Amino acid sequence: MKAFHKTGIAAFSLILASVAGLAGCSGGTAKPQGDGAGKTDAAGGKPKDRVEITFWHVWTDKDAGPITARVDAFNKSQDRITVKVLGN
């Protein structure tokens with residue numbers, strides 16, 4: 001019984017490792033979802049629409065000062081991406 005148990009664990013581990021390895025090799029391409037944000041220009045370069053990213057964190061308003069300050073600075077530094085912060 002112990003030999004079967006060890007063999008079963010080894011087989012399961014091998015299958016799990018194979019599935020995890022193959023998942024990274026799917027070869028698919030990412031497609032924009034939702035309202036079309038992220039569409040690129042005709043040359044396939046920069047996005048032509050503004051992109052909004054929602055950044056969720058676990059800190060309360062009292063502790064989120066540094067994160068909020070960094071996000072505000074990022075949002076002011078460019079005009080293509082807007083980060084929206086959600087916290088507890």
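The structure presented is a predicted model; accordingly, all values stated were derived computationally and were not measured. All residue numbers in this chain count up from 1 along the given sequence.
Asn75 contributes a side-chain N or O that, together with a main-chain N or O of Val83, makes up a donor-acceptor pair within less than 3.5 Å.
Side-chain contact between Thr54 and Leu86 is present, with heavy atoms from C-beta onward closer than 4.5 Å.
With rounding to the nearest 0.5 angstrom, the CD1 atom of Ile81 is 9.0 Å from the CZ atom of Arg50. Remark: Phe55 CZ to Ile53 CD1 distance equals 11.0 Å, nearest 0.5 Å.
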Side-chain atoms of residues 61-70: list all donor-acceptor pairs with protein atoms under 3.5 Å, sequence neighbours left out, distances to 0.1 Å.
from: Asp63; atom 1: OD2; to: Thr60; atom 2: OG1; distance (Å): 3.4
from: Thr68; atom 1: OG1; to: Ala64; atom 2: O; distance (Å): 3.0

